[in-house]
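Notes to accompany the following structure.
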Amino acid sequence: MRGIVRAVAEVLGWWIALLTLWIMLISTVDTLELAVGAAVAFAAAWAARGARQAADR
């Protein structure tokens, strides 16, 4: 259970950071751009977690 909580916290942290960066880099915040940014940030957050785990091995 502890590992699941850590994984969710790590992905959530990455997602918040990447979505914040996305919002800062686009000129106007439209609903569609926000949805695309959230989805891409979520995928990138999982990829960042996977990359960190691969580097730890």
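Bear in mind that the values here come from a model prediction, so they are computed numbers and not experimental data.
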Hits for salt bridge (Lys or Arg N to Asp or Glu O under 4.0 Å) against Arg49, two or more places apart or cross-chain, chain-then-number order -> Glu10
Please answer: with hydrophobic residues joined when any side-chain heavy atoms are less than 4.5 Å apart, are Ile16 and Val5 in the same cluster? no
Salt bridge (charged side-chain N to carboxylate O under 4.0 Å, His left out): pairs with one or both residues in residues 35-44, sequence neighbours excluded: none
Can you get from Val11 to Leu21 by hopping between Ile, Leu, Val, Met, Phe, Trp and Tyr side chains that sit under 4.5 Å apart? no
Can you list everything that forms a side chain to side chain contact (heavy atoms under 4.5 Å, CB included) with Ala41? Sequence neighbours excluded, please. Trp15, Leu18, Leu19
Between Val40 and Leu32, is there a shared hydrophobic cluster once you connect ILVMFWY residues whose side-chain heavy atoms come closer than 4.5 Å? yes
Any pair counted as side chain to side chain donor-acceptor pair (under 3.5 Å), so long as it reaches residues 19-44, sequence neighbours left out: none
